[in-house]
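What follows is a single structure, written as structure tokens, with notes after it.
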Amino acid sequence: MIEIGPLQLVLCLIFVVVAGTGSVVLRLGLERDLAWGTVRTFAQLFLVGYVLKFVFQISHPVLVLLVFAFMIFWAAHAVRGRVKEKQVRLFLPTFVSMLVSYTAVAWVVTAVIVQVDPWYKPQYFIPLGGMIAGNSMNAITLALERLFADLRDGRARVELALSLGATYQEATAPMVRQAIRTGMIPSINALMTVGLVSLPGMMTGQILAGSDPVVAIEYQIVVMLMLVASTAIGSTIVVHVVRRTCFTRSSQLILR
Amino acid sequence: MTTIDWTPLLAHLDRPSALWPKKIELDDVGLQFEGKPPLFAGLNLTIDSGDFILIQGPSGSGKSSLLRLLNRLQDPTTGDVLVDGASTAEGDITRLRRALAWVQQTPVVIDGSVADNLTWAFGFDIAKRKSPPDRETLRGWLDAVLMEDVALDDDASVLSVGQQQRLSIVRALLTGPTLLLCDEPTSALDDASREIVQDWLERVNIEKGIGVVMVTHLPFTPRRARVRRLLLEAGSLIEQQSERGAEA
């Protein structure tokens with residue numbers, strides 16, 4: 001594989017300059033954001049690069065899991081930020097559900113399917129785990145937005161069910177089903193279009209790194225199916241846990 | 001008015017001996033929503049099972065909220081709501097709500113047929129040992145509220161608001177409640193339908209001992225039942241003289 005050196009990276013700034021010039025000429029007002037974004041890209045990725053290098057050298061399970069927990073923390077934080085619902089406590093239930101379900105799925109992939117030895121070998125566990133967290137984060141955001149929208153719209157129906165003797169679980173069962181479906185649809189669509197519409201990033205990376213394309217697609221298949229499981233498990237658990245926080249102890253819907 | 005044979009319909013409903021709770025009390029109840037002036041304060045009221053209560057008052061006086069306090073869809077800001085002497089904040093809220101069937105001001109129907117709507121509440125865990133009424137019984141109920149032209153398999157969402165109101169009342173009654181909490185149950189009905197629904201609320205009250213708490217802004221002249229009239233106005237609840245129907 002051809003390595004990229006400092007000179008090439010500097011050369012890449014041409015792209016930013018092109019975009020920046022466009023912004024000035026067309027008065028888009030994006031120059032500041034573009035410059036700051038470029039600085040952050042360099043800084044964050046270099047930082048991650050050195051942290052990962054360190055983690056790979058130590059290769060200790062506690063350290064690997066800590067890094068994974070850190071990634072999930074930021075994923076949960078992003079979900080909290082993107083879901084526009086301020087009446088309900090969201091962060092902690094989301095974080096804990098994501099941590100439990102994603103660690104389990106990542107473990108199954110490395111230990112049982114790919115059979116990495118040891119299972120926490122960071123070269124495998126961290127990128128695979130990162131893809132799980134990144135993809136399911138979108139699924140969970142979609143699922144929660146749908147859940148809150150449906151609970152608000154369906155408030156009268158929920159209260160009717162409660163007043164006829166339904167538990168809050170029974171009263172919200174159709175909303176919960178719809179929320180989980182909404183979260184899962186993108187990863188199911190991805191199963192339909194993968195390879196036709198886009199070449200996934202990981203597969204592209206492997207091919208660039210000199211892998212046999214057939215080896216690369218085999219990994220990609222593992223990843224695709226792993227993502228179906230993690231979005232399903234993740235959004236199911238999060239939606240159920242968050243639904244509980246939408247009701248008081250006397251089964252009153254909090255959302256207004 | 002059409003003559004209706006009530007006997008088979010009423011026979012399906014639970015007998016008064018099965019009724020719980022015996023008594024519901026508002027104990028010094030106040031309610032205030034965030035950022036608004038208090039709706040009311042210091043309300044006291046005792047509802048015995050079998051009472052027929054009419055709550056009237058200007059709009060915005062909190063009549064609907066009062067009903068929601070009774071089945072604890074709403075917590076009081078001050079005071080408490082007691083069921084047979086115990087706070088409704090404790091105890092089995094699902095059972096309580098089942099016993100106090102609430103009929104919303106704006107009727108809500110679920111996706112599905114008229115029959116699906118009428119038997120919906122039998123699908124909940126609390127009713128797992130009860131079998132839903134058969135189609136003949138459901139048919140009889142629809143006829144009894146002047147919905148002869150509506151089929152059990154019709155899509156419920158295409159019914160008129162007035163028909164959905166009647167559907168909602170029948171749906172609530174079929175669950176076998178102790179008390180019906182009705183929020184403007186006849187607001188979208190024509191005179192004939194309103195008369196039949198009111199007559200029929202009085203019948204279940206007299207013949208089955210089912211209590212009725214009804215919020216309405218429409219005139220109501222009882223035929224048979226003994227009706228307690230309450231006026232909710234300017235934050236307080238005033239009990240007016242009770243009234244017995246002329247045909248009693």
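Chain A is the first sequence line, chain B the second, and so forth, proteins listed ahead of strands; every chain is numbered from 1.
Taking the six-membered ring wherever Trp is involved, the centroid distance between the rings of A/Y168 and A/F247 falls below 6.0 Å. A/F73 has its ring centre no less than 6.0 Å from the ring centre of A/F68.
In this structure, B/K22 does not pair ionically with B/D48, as no charged nitrogen and carboxylate oxygen lie closer than 4.0 Å. The pair A/E145-A/R82 does not meet the salt-bridge criterion, since no charged nitrogen lies less than 4.0 angstrom from a carboxylate oxygen. In this structure, B/R72 pairs ionically with B/D80, as a charged nitrogen and a carboxylate oxygen lie closer than 4.0 Å.
With a threshold of 4.5 angstrom between heavy atoms, B/Q74 approaches chain A through its backbone and through its side chain. Heavy-atom distances place both the backbone and the side chain of B/D125 under 4.5 Å from chain A. A/A161 touches chain B through backbone and side chain together, each having a heavy atom under 4.5 Å away. Contact of B/D111 with chain A is not made at all, since no heavy-atom distance falls under 4.5 Å. If you measure heavy-atom distances from B/L100 to chain A, the contacts under 4.5 Å come from the backbone alone. Only the side chain of B/R68 comes within contact range of chain A, judged by heavy atoms closer than 4.5 Å.
Formation of a donor-acceptor pair under 3.5 Å by the A/T110 side chain with backbone atoms of A/W119 is found in this model.
Counting heavy-atom pairs closer than 4.5 Å to chain B, the top-ranked of the candidates A/L162, A/L253, A/T248 is A/L162. For the set B/N71, B/L181, B/V108, B/V109, the count of heavy-atom pairs under 4.5 angstrom toward chain A peaks at B/V108.
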